Amino acid sequence: MKEPIIEVKELTKQYKINRKHFWAKDTFVKAVNHISLQLYSGETFGLVGESGCGKSTTGQVILQLIKQTSGKIIYKGEDVSQFSAKRLKNWRREVQIVFQDPYSSLNPKKTIQWTLNEPLEIHNIGTKESRKALIIKTLEDVGLDANYLNRMPHELSGGQRQRVAIASAIILNPEFIVIDEGVSALDVSVQAQILNLLKELQKKYQLTYLFISHDLNVIQYFCDRIAVMYLGEIVEVVKTDEVGLMPQHPYAQALFSSIPHMNDDDQKKVVLKGDILSPNELQSGCAFQTRCPLAMEVCKQEKPELKSIAENHVVSCHLKEEESYENRCAI
Ligand code: SF4
C-alpha cells in the first residue's frame with residue numbers, strides 16, 4: 001500500500017472574533033473544520049471552493065506558516081508538531097509555497113540573484129561560486145537565464161516574476177510544494193505556459209503539489225484529484241480522468257456546472273440561492289443546508305459524514321445514503 005507524503009488528520013483552525021462588549025463571551029470562527037486528507041507522492045492534489053472557504057488557510061497550516069487549533073499534519077509518517085527546531089528548519093527545505101502575487105512575494109529592492117541566493121545562505125548550502133552556478137541552472141530550469149541575475153522584480157513581466165517565484169521554491173530541491181492561486185493573477189496565455197512549466201518541473205524534481213485555486217477550468221485540467229471545500233469542510237474528493245469530473249455532492253455539482261462546455265448546448269448552469277451560513281452560525285446538520293436545492297429535514301439535524309462511494313471518490317451528503325438519490329439528483 002502506497003504511503004502518503006502528507007496526511008492531514010482532523011485539522012481545525014479557528015480564529016477569535018473581537019468581542020462587542022467586554023462582558024460578552026469569546027466567540028470563534030472556524031476557518032477550517034475537522035478536515036482529513038492524504039496526499040501521495042508525485043500527485044497534483046487540487047483544493048477548490050469559493051473565496052473564504054478555508055482553502056488557503058489549509059495550505060498555510062499544512063506548511064506550519066500558521067499553527068492549527070487542533071489536528072495533526074503527518075509528513076512521511078512523522079508528526080510535524082513534534083519536530084525539534086533543527087528538524088523543523090531542515091523540513092523547511094523539503095516543503096515550499098508559491099503565492100498568487102509574485103510581485104509581493106519578491107523583495108522589490110533586491111536583484112533576482114539576491115532573492116534566489118537567500119534560501120541557500122539560510123540553509124548554508126555551497127560556496128559563493130557553487131551557489132551562483134545553482135542559481136543560473138535553476139533560472140534555466142524555469143525558462144530564464146543568467147541575464148536575469150541582476151534584474152530587479154519591477155523589470156520583469158508578471159509571468160517572468162512567477163517563474164522567479166517558482167525558481168525560489170525549487171532551488172532547495174523540495175519534495176512538496178503548495179501552489180496557492182499560483183496562476184490566478186496571470187493572463188490566460190501566460191497561465192498555460194506556467195502550468196506547463198509546473199508539469200515539467202514536477203517530473204524533473206519528482207514533486208508533489210497541493211494546488212489551491214478557485215478557477216475550476218484550471219484545477220480540472222491540472223490536478224489528479226480534487227477536494228471541494230465548503231465553509232471550512234471537505235465535502236467531496238474526486239479523481240479527474242479522461243471522461244472529466246463526475247462530482248456527486250450538490251455543491252460540487254453546482255460549482256462545476258458553471259464551466260462552459262463547448263459541445264454541450266443543453267448544459268444547465270445551477271444558480272445557488274439562499275444565504276451562506278457563517279461558520280459560527282451552524283448549530284447542527286449540513287453546512288450547505290441553506291443553499292442546497294435538494295435539502296431534506298435530516299440535513300438540518302444531522303451532519304453528513306464523508307463516505308466512500310467508489311474508488312478514489314468520497315462525498316459527504318445524506319442523499320448518498322438514500323436509495324432514490326439518482327432520481328432526486330436533478331442538478
Ligand atoms: Fe444538500 Fe442535505 Fe446533501 Fe447537505 S446533506 S448537500 S443539505 S442534500
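This chain uses plain numbering: 1 for the first residue, then up along the sequence. Quick caveat, the model's predicted, so the values are computed rather than measured.
Under a hydrophobic clustering in which Ile, Leu, Val, Met, Phe, Trp and Tyr are joined whenever their side-chain heavy atoms come within less than 4.5 Å, directly or via other members, Leu116 and Leu149 fall into the same cluster. When the side chains of ILVMFWY residues are joined at heavy-atom separations under 4.5 Å, either directly or via intervening members, Leu134 and Ile122 end up in two distinct hydrophobic clusters. Under the 4.5 Å side-chain heavy-atom criterion for ILVMFWY residues, no single connected hydrophobic cluster contains both Ile309 and Val228. With hydrophobic clusters built from ILVMFWY side chains whose heavy atoms lie under 4.5 angstrom apart, Leu198 shares a cluster with Tyr221. Both Leu306 and Ile6 belong to a common hydrophobic cluster when Ile, Leu, Val, Met, Phe, Trp and Tyr are linked at side-chain heavy-atom distances under 4.5 angstrom.
Taking both residues in full, the closest heavy atoms of Ile35 and Gly232 are given as CG2-O, 3.4 Å, listed atom of the first, atom of the second, then distance. When all heavy atoms of Val237 and Ala227 are compared, the closest pair comes out as CG2-CB, 4.0 Å. When every heavy atom of Ser157 is checked against every heavy atom of Gln160, the shortest pair comes out as N-OE1, 2.9 Å. The heavy-atom pair separating Gln191 from Leu186 by the smallest distance is NE2-O, 3.4 Å. Scanning all heavy atoms of the two residues, the minimum distance from Ala169 to Val98 falls at CB-CG2, 3.8 Å. The nearest pair of heavy atoms linking Pro304 to Cys317 is CB-N, 3.7 Å.
Between the side chain of Thr138 and the backbone N or O of Ala167 there is no donor-acceptor pair closer than 3.5 Å. Within the 3.5 Å criterion, the main-chain N or O of Glu302 finds a donor-acceptor partner in the side chain of His318. Side-chain N or O atoms of Gln162 include one that pairs as donor or acceptor with a backbone N or O of Gly182 at under 3.5 Å. Of the possible donor and acceptor atoms, one in the side chain of Gln96 sits under 3.5 Å from a partner among the backbone N and O of Arg92. The closest donor-acceptor contact from the side chain of Ser284 to the backbone of Lys300 lies under 3.5 Å.
Residues Val32 and Val61 form no side-chain contact, since every pair of their non-hydrogen atoms from C-beta on lies 4.5 Å or further apart. Counting heavy atoms from C-beta outward, Ser36 and Val8 have side chains that stay 4.5 Å or more apart. In this structure, Ile177 and Leu201 have side chains that are not in contact, with every pair of non-hydrogen atoms separated by 4.5 Å or more. In this structure, the side chains of Lys320 and Gln248 come closer than 4.5 Å at one or more pairs of heavy atoms. Contact check for Leu11 versus Asn33: no side-chain heavy atoms found under the 4.5 Å cut-off. A 4.5 Å side-chain heavy-atom check between Phe176 and Leu207 finds every atom pair outside the cut-off. Looking only at side-chain heavy atoms (C-beta outward), Tyr40 and Gln38 come within less than 4.5 Å of each other. For the pair Thr12 and Gln68, the minimum side-chain heavy-atom distance is 4.5 Å or more.
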Report task. Give the intermediate values and the outcome of side-chain contact (heavy atoms from CB on, under 4.5 Å) for residues Glu181 and Lys55. Result -> CA-CA 10 Å; Glu181 300 283 6; Lys55 51 192 190 306; 3.8 Å; yes
Requested in this report: Might you work through the side-chain contact (heavy atoms from CB on, under 4.5 Å) test for Ser184 and His214, ending with a clear yes or no?
Outcome: CA-CA 8 Å; Ser184 304; His214 69 279; 3.9 Å; yes
Query raised in the report: Could you go step by step and tell me if Arg93 and Ile125 meet the side-chain contact (heavy atoms from CB on, under 4.5 Å) rule?
Result: CA-CA 11 Å; Arg93 288 176 61 171; Ile125 293 170; 3.6 Å; yes
Report task. Decide side-chain contact (heavy atoms from CB on, under 4.5 Å) for His249 and Phe288; before the verdict, give the C-alpha distance in whole Å, the side-chain angles of both, and the deciding distance to 0.1 Å. Result -> CA-CA 10 Å; His249 189 281; Phe288 190 52; 4.0 Å; yes
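A distance of 12.5 Å separates CD in Gln289 from CZ in Arg291, rounded to the nearest 0.5 Å. Note that NE2 of His34 is 6.0 Å distant from CD of Glu10, once rounded to the nearest 0.5 Å. Residue Arg161 holds its CZ atom at 10.0 Å from NE2 of His154, rounded to the nearest 0.5 Å. With values rounded to the nearest 0.5 angstrom, Leu195 atom CG is found 5.5 Å from Phe222 atom CZ. Separating the CZ atom in Phe45 from the CD1 atom in Ile179 is a distance of 14.0 Å, to the nearest 0.5 Å. Note that the CG atom of Asp180 and the CG atom of Leu63 stand 9.5 Å from one another [nearest 0.5 Å].
One finds no salt bridge joining Lys203 and Glu200 here, because no Lys/Arg side-chain nitrogen approaches an Asp/Glu carboxylate oxygen to under 4.0 Å. Electrostatic pairing of Glu94 and Arg87 counts as a salt bridge here, judged by a charged N lying under 4.0 Å from a carboxylate O.
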Which donor-acceptor pairs under 3.5 Å do side chains of residues 139-146 form with protein atoms, sequence neighbours excluded?
| unit_1 | atom_1 | unit_2 | atom_2 | d |
| --- | --- | --- | --- | --- |
| Asp141 | OD1 | Lys204 | NZ | 2.8 |
| Asp141 | OD2 | Lys137 | NZ | 2.9 |
| Asp141 | OD2 | Tyr205 | OH | 2.6 |
| Asp145 | OD1 | Asn147 | N | 2.9 |
| Asp145 | OD1 | Asn147 | ND2 | 3.3 |

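Atom CD of Gln206 is surrounded by 12 or fewer heavy atoms from other residues, nucleotides or ligands within 6.0 Å. Around atom NZ of Lys199, more than 12 heavy atoms belonging to other residues, nucleotides or ligands sit under 6.0 Å away. Residue-environment remark: CD (Glu155) exceeds the threshold of 12 foreign heavy atoms within 6.0 Å.
There is a side-chain donor-acceptor pair under 3.5 Å between Ser81 and Asp79. Between the side chains of Ser316 and Glu233, no donor-acceptor pair of N or O atoms lies under 3.5 Å. In this structure, a donor-acceptor pair under 3.5 Å is present between the side chains of Glu121 and Asn117.
Cation-pi check for Lys13 over Tyr15 is met; the charged atom lies under 6.0 angstrom from the ring centroid and within 45 degrees of its normal.
Of the listed residues (Glu175, Glu7, Glu3), just one forms a salt bridge (Lys or Arg N to Asp or Glu O under 4.0 Å) with Lys76, and that residue is Glu175.
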